[in-house]
Structure formats: C-alpha cells, structure tokens
Chemist: 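Below you'll find the structure I mean.
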Number of protein chains: 2
Amino acid sequence: MSTAEETAGGEPQPWGEVSPDAARRLLVAAVEAFAERGYHATTTRDIAGRAGMSPAALYIHYKTKEELLHRISRIGHEKALDVLRTAADSEGTPADRLAEAVRSFVRWHAGQHTVARVVQYELDALGPDARAEIVALRRQNDAEVRRIIQDGVAAGDFDVPDVKGTTVAVLSLCIDVARWFNVNGPRTPDEVGALYADLVLRMVRATK
Amino acid sequence: MSTAEETAGGEPQPWGEVSPDAARRLLVAAVEAFAERGYHATTTRDIAGRAGMSPAALYIHYKTKEELLHRISRIGHEKALDVLRTAADSEGTPADRLAEAVRSFVRWHAGQHTVARVVQYELDALGPDARAEIVALRRQNDAEVRRIIQDGVAAGDFDVPDVKGTTVAVLSLCIDVARWFNVNGPRTPDEVGALYADLVLRMVRATK
DNA sequence: GGGCACTCTAAGCGCTCGCTCACCTTCGGC
DNA sequence: GCCGAAGGTGAGCGAGCGCTTAGAGTGCCC
C-alpha cells in the first residue's frame with residue numbers, strides 16, 4: 001500500500017505507481033475504453049484520443065495494445081488480492097474475517113467496476129504467457145477465501161459440506177458484481193458489500 | 001418446448017427451430033466462435049469456415065454478423081427463461097420451487113456454457129434496439145426468481161430482509177457459472193446445480 | 001425440357017485496424 | 001549556446017476486416 005492513493009469513497013484512481021504521467025493517462029484511458037466497449041472493439045486511436053494524444057504516442061510508452069491490457073490486468077488483480085488478504089489476515093472470528101473479505105472485495109468490484117470488468121472479462125484477449133500469469137494471481141484469490149472458510153469449519157463455526165465448491169460460489173458471487181453494478185443504480189458499493197457479506201455468512205451457516 | 005430437442009445429458013443442441021440446415025450450421029458455428037474468442041475477435045470468415053462454407057454464404061442467411069448475435073441472444077434467453085418458468089410454475093413449496101429453479105438454471109448455464117457465455121457477455125456488441133429487446137427478456141428472468149422468493153417470504157418459509165437484492169444475488173450466482181464452468185473440470189452440470197440449489201436455500205434461510 | 005427460384009462460390013472493394021517512421025520540439029548538463 | 005536524450009506528431013504502410021457482386025450449379029414446376 002502506498003501513500004494516499006485511496007480515498008474513503010468510491011473511485012480512488014489507484015494508478016499512483018504508474019509513471020511517467022503520460023503513461024498513466026494512457027492506462028486510465030485504456031481502462032475506460034476497454035470497460036466500455038471491450039478490448040477487441042477498442043482502437044488504439046480511441047485510447048490515445050481519450051488521453052489527449054496522437055495515435056503514435058501510445059507506442060512510446062507501450063510496445064503493443066496487448067501490453068496495456070496485461071499491465072491493467074496485473075495491477076488490478078494485485079489490488080484485489082491485496083484487499084482480500086488484508087481481510088483474511090485480520091483479527092477476529094472466521095465469520096468476522098469472511099464478512100470483511102466479502103464486504104471489501106465486493107466494494108472493490110462495485111466501486112472499481114470499470115477496472116474489474118476489464119480484469120475479469122478480458123482475460124482471453126491476452127496471449128498464453130500473460131494469461132498464465134494472471135490465472136496464477138486468480139488462484140491466489142481462491143486460496144485466500146478457501147483459507148477463511150476452512151478456518152471456520154475447523155473451528156466449528158461454519159457448516160459447509162463442500163468447501164471447494166462453496167469457495168468458488170462465494171468468489172463467483174463477488175466477481176459478478178462487476179458485470180451488473182451500475183453507478184447510477186439504487187445501491188452504493190457499501191450497501192452491496194454489506195448485503196453480500198450477510199448472504200455469504202448464511203451460505204456457510206455461520207454460528208458466531 | 002418442442003419435440004425431442006433436448007437429451008437427458010449435457011449438450012442438447014437446441015437449435016431445432018432454425019432452418020434451413022445451412023442457417024443452423026452457421027448459427028452453431030457462430031456460437032462456438034463467439035464463445036471461444038468473443039464477438040469482436042471473431043471474423044465472418046471464421047464462422048463460415050467452421051460451417052464448411054465460403055465467406056459469402058453467410059450473407060445469404062443473415063444480413064449482418066450482428067444479426068447472428070442477435071438471433072443467438074434471443075433464442076438463448078428464451079430457452080433460459082423457459083427453464084426458469086417451468087421451475088417457478090411447478091408444484092411444491094416455495095423452497096422446492098426455488099431449489100428446482102436454481103438447479104435447472106445452473107444446469108443450463110453449465111451444460112450450455114458456450115451459448116450462455118455469448119448470451120450473457122456479448123450483449124454490449126448489439127445495437128441499441130436489439131439490446132433493448134434482450135434486456136427486456138433479462139428482466140423477465142429477474143421477475144421469475146423474485147416471484148418465488150416473494151412467495152416464500154409471504155408463506156413465512158423464507159427469512160429474507162432484502163428481496164430485490166437477494167434476487168439479484170441469486171441470479172448473479174447462477175449466471176457467473178457460464179464464466180468459470182469448464183467441461184474438463186471436476187464437476188458435472190448436475191453436481192454444480194445441486195450444490196448451488198443448496199447454497200441458495202441457505203441464502204434465503206428456507207425453513208421447509 | 002425450358003424457366004426460375006434458390007443456394008453457393010471466387011474475386012475483390014473500400015475501409016479501418018495495429019503499428020512504424022521520419023522528423024520536430026523541449027530541456028538539463030556542460 | 002550547443003548537444004543528445006526523451007517525448008511528441010503527421011503521414012502512411014500492409015494486412016485483414018465486413019460485406020458485395022457476377023455468375024455457376026441444382027432441383028422443382030409447368
């Protein structure tokens with residue numbers, strides 16, 4: 001975590017680590033465009049245009065259009081993993097930790113739904129090597145959630161017949177928020193996070 | 001429902017209503033290609049090639065590439081809606097009906113995950129009119145699930161503080177199956193359906 | 001058995017894509 | 001005040017895209 005790159009509210013702009021400034025503007029523009037139209041429907045001219053630059057400028061900072069997607073995917077996944085790990089490693093009962101994990105993970109997928117959309121749904125546009133790297137990060141997400149659920153089962157706090165399947169379902173529920181969440185909709189990221197945390201505690205039948 | 005277009009197992013090929021034969025082959029080819037690579041990354045040459053025809057043949061049966069997507073989306077959504085309605089209208093307690101709805105809806109999204117993928121994730125590639133039509137179908141899905149949950153609450157069988165939010169979550173959980181389900185994975189569509197039905201009954205705290 | 005509707009192909013048009021290249025500007029170091 | 005590095009631009013290349021067109025093969029009706 002770096003300095004003051006997150007605000008309390010919804011839309012941080014967590015690209016503080018990307019420099020120089022022009023490279024960051026291009027990255028932010030690419031996130032917007034990819035989220036709106038999808039990777040393949042986005043042109044390099046569109047990205048450069050949104051960043052206020054000529055089409056050729058993109059290639060000073062990135063080798064290819066795919067490299068942009070790769071960078072976005074890695075940074076995005078690392079942020080999400082960070083959020084999840086913080087919750088998983090926190091103090092409290094397994095139920096507290098699971099609720100906090102779901103709450104913050106969902107909040108991220110709702111508040112940062114543009115990034116999340118790109119990260120979760122444009123994976124197939126990456127080449128084999130880049131995809132393998134991202135898939136590995138994704139498995140770490142899975143491991144964090146499974147760890148919490150296993151802790152709960154071991155402590156006798158949860159009633160979960162199928163830990164692996166339930167882990168997949170919990171993550172699935174959270175990730176799909178990026179697909180349907182709408183900024184102009186009736187719910188804030190915080191509200192969705194609270195609702196989903198409750199639902200997940202029901203799924204594992206948390207008793208304390 | 002028409003005659004014998006579904007088998008008991010996993011992969012029906014529910015395109016019996018599409019004719020002539022060449023048009024159906026093109027549609028099936030398009031579903032495969034869109035599911036694998038996405039709409040924008042799929043070329044009309046690829047679709048025609050998979051159907052064993054020349055690139056130009058496509059335009060005898062469909063006006064544009066987008067019309068293919070539109071047709072696939074509508075038929076796919078109608079099938080899914082049909083599955084859901086059958087369960088929602090069945091006999092039994094709200095818990096029975098909800099479990100059956102989730103079980104069959106999930107089974108469809110897993111077994112037909114190529115169609116489901118196209119239907120759920122390529123919506124944005126449609127023009128405004130076609131998209132509006134599909135969105136309307138989607139809202140009917142929502143209404144079916146909400147109806148069951150409301151019935152359960154009214155009967156005192158479910159404990160659900162937020163019916164709208166829970167409805168979204170249940171559908172979200174089911175739909176996301178299309179994203180992660182893998183035919184070569186360890187679970188069959190039936191198994192995932194059973195697991196998810198149980199998880200959803202927990203989410204609504206069904207008491208009978 | 002001639003005419004016609006239907007289905008399909010080979011060739012290719014016009015366009016836009018990702019990306020490159022030659023050149024221009026700005027700026028810190030000496 | 002000159003110089004090289006770094007960051008930018010305008011023009012455009014080669015390729016592949018969605019889609020069209022002219023014409024050939026095939027079967028059905030009269």
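For the numbers below, each heavy atom of this structure counts, side chains included, while hydrogens, waters and symmetry mates do not. Residue numbering restarts at 1 for every chain, and letters A, B, ... go by the order of the sequence lines.
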Chemist: Measure the distance from CZ on Arg24(B) to C1' on dT7(C) and round it to the nearest whole Å.
Modeler: 16 Å

Chemist: Can you name the residues that form a ring pair (Phe, Tyr, Trp, His ring centres under 6.0 Å) with Tyr62(A), not counting sequence neighbours?
Modeler: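 Per chain and number, Tyr62(A) pairs via ring pair (Phe, Tyr, Trp, His ring centres under 6.0 Å) with no residue.
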
Chemist: Residues two or more places apart in sequence or in another chain: which of them pass side-chain hydrogen bond (donor to acceptor under 3.5 Å, both in side chains) with Glu36(A)?
Modeler: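 For Glu36(A), the residues satisfying side-chain hydrogen bond (donor to acceptor under 3.5 Å, both in side chains) (neighbours in sequence not counted) are Arg50(A).
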
Chemist: Could you check how far NZ of Lys63(A) sits from P of dT20(C), rounded to whole Å?
Modeler: 11 Å

Chemist: Could you pull out all residues at least two apart from His77(A) that satisfy ring pair (Phe, Tyr, Trp, His ring centres under 6.0 Å)?
Modeler: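 Ring pair (Phe, Tyr, Trp, His ring centres under 6.0 Å) list for His77(A), sorted by chain: empty.
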
Chemist: Leu58(B) has an atom CG; how far is it from atom P of dA10(C), in whole Å?
Modeler: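 After rounding, the reported distance stands at 15 Å.
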
Chemist: At how many degrees, to 10°, do the end axes of the helix from dG1(C)-dC30(D) to dC30(C)-dG1(D) meet when each uses five pairs?
Modeler: 10°

Chemist: So, using side-chain hydrogen bond (donor to acceptor under 3.5 Å, both in side chains) as the criterion, who are the partners of Arg131(A) when residues are at least two apart?
Modeler: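 Per chain and number, Arg131(A) pairs via side-chain hydrogen bond (donor to acceptor under 3.5 Å, both in side chains) with no residue.
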
Chemist: Show me, pair by pair, the donor-acceptor contacts under 3.5 angstrom made by side chains of residues 191-201 of chain A, not counting sequence neighbours?
Modeler:
| residue | atom | partner | partner atom | Å |
| --- | --- | --- | --- | --- |
| Glu191(A) | OE1 | Thr188(A) | N | 3.1 |
| Asp198(A) | OD2 | Arg202(A) | NE | 3.4 |

Chemist: Using the test ring pair (Phe, Tyr, Trp, His ring centres under 6.0 Å), find all partners of Tyr39(B) that sit at least two apart in sequence or belong to another chain.
Modeler: Phe34(B)

Chemist: Starting at CG of Leu69(A) and ending at P of dG18(C), how long is that distance when rounded to a whole Å?
Modeler: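 After rounding, the reported distance stands at 13 Å.
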
Chemist: In chain order, what residues pass the side-chain hydrogen bond (donor to acceptor under 3.5 Å, both in side chains) check against Glu67(A), with sequence neighbours excluded?
Modeler: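 side-chain hydrogen bond (donor to acceptor under 3.5 Å, both in side chains) check on Glu67(A) returns Arg71(A).
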
Chemist: List in numerical order all residues of residues 39-53 of chain A for which some heavy atom is under 4.0 Å away from an atom belonging to DNA chain D.
Modeler: Arg45(A), Met53(A)

Chemist: Of all nucleotides in DNA chain D with an atom under 4.0 Å from a non-hydrogen atom of chain B, which is the first and which the last going 5' to 3'?
Modeler: dC17(D) to dT21(D)

Chemist: Is there a salt bridge (Lys or Arg N to Asp or Glu O under 4.0 Å) between Asp21(B) and Arg24(B) once you walk through the steps?
Modeler: CA-CA 5 Å; Asp21(B) 180 68; Arg24(B) 181 171 49 250; 3.3 Å; yes

Chemist: Residues in salt bridge (charged side-chain N to carboxylate O under 4.0 Å, His left out) with Arg97(A), at least two apart?
Modeler: Asp151(A)

Chemist: Write down the distance between CD1 (Ile60(A)) and P (dC23(C)), rounded to a whole number of angstrom.
Modeler: 17 Å

Chemist: Strictly distance-based, threshold 3.5 Å: is any side-chain N or O of Glu100(B) a donor or acceptor partner for the main-chain N or O of Ser90(B)?
Modeler: no

Chemist: Could I get the full list of side-chain hydrogen bond (donor to acceptor under 3.5 Å, both in side chains) partners for Asp124(B), not counting sequence neighbours?
Modeler: none

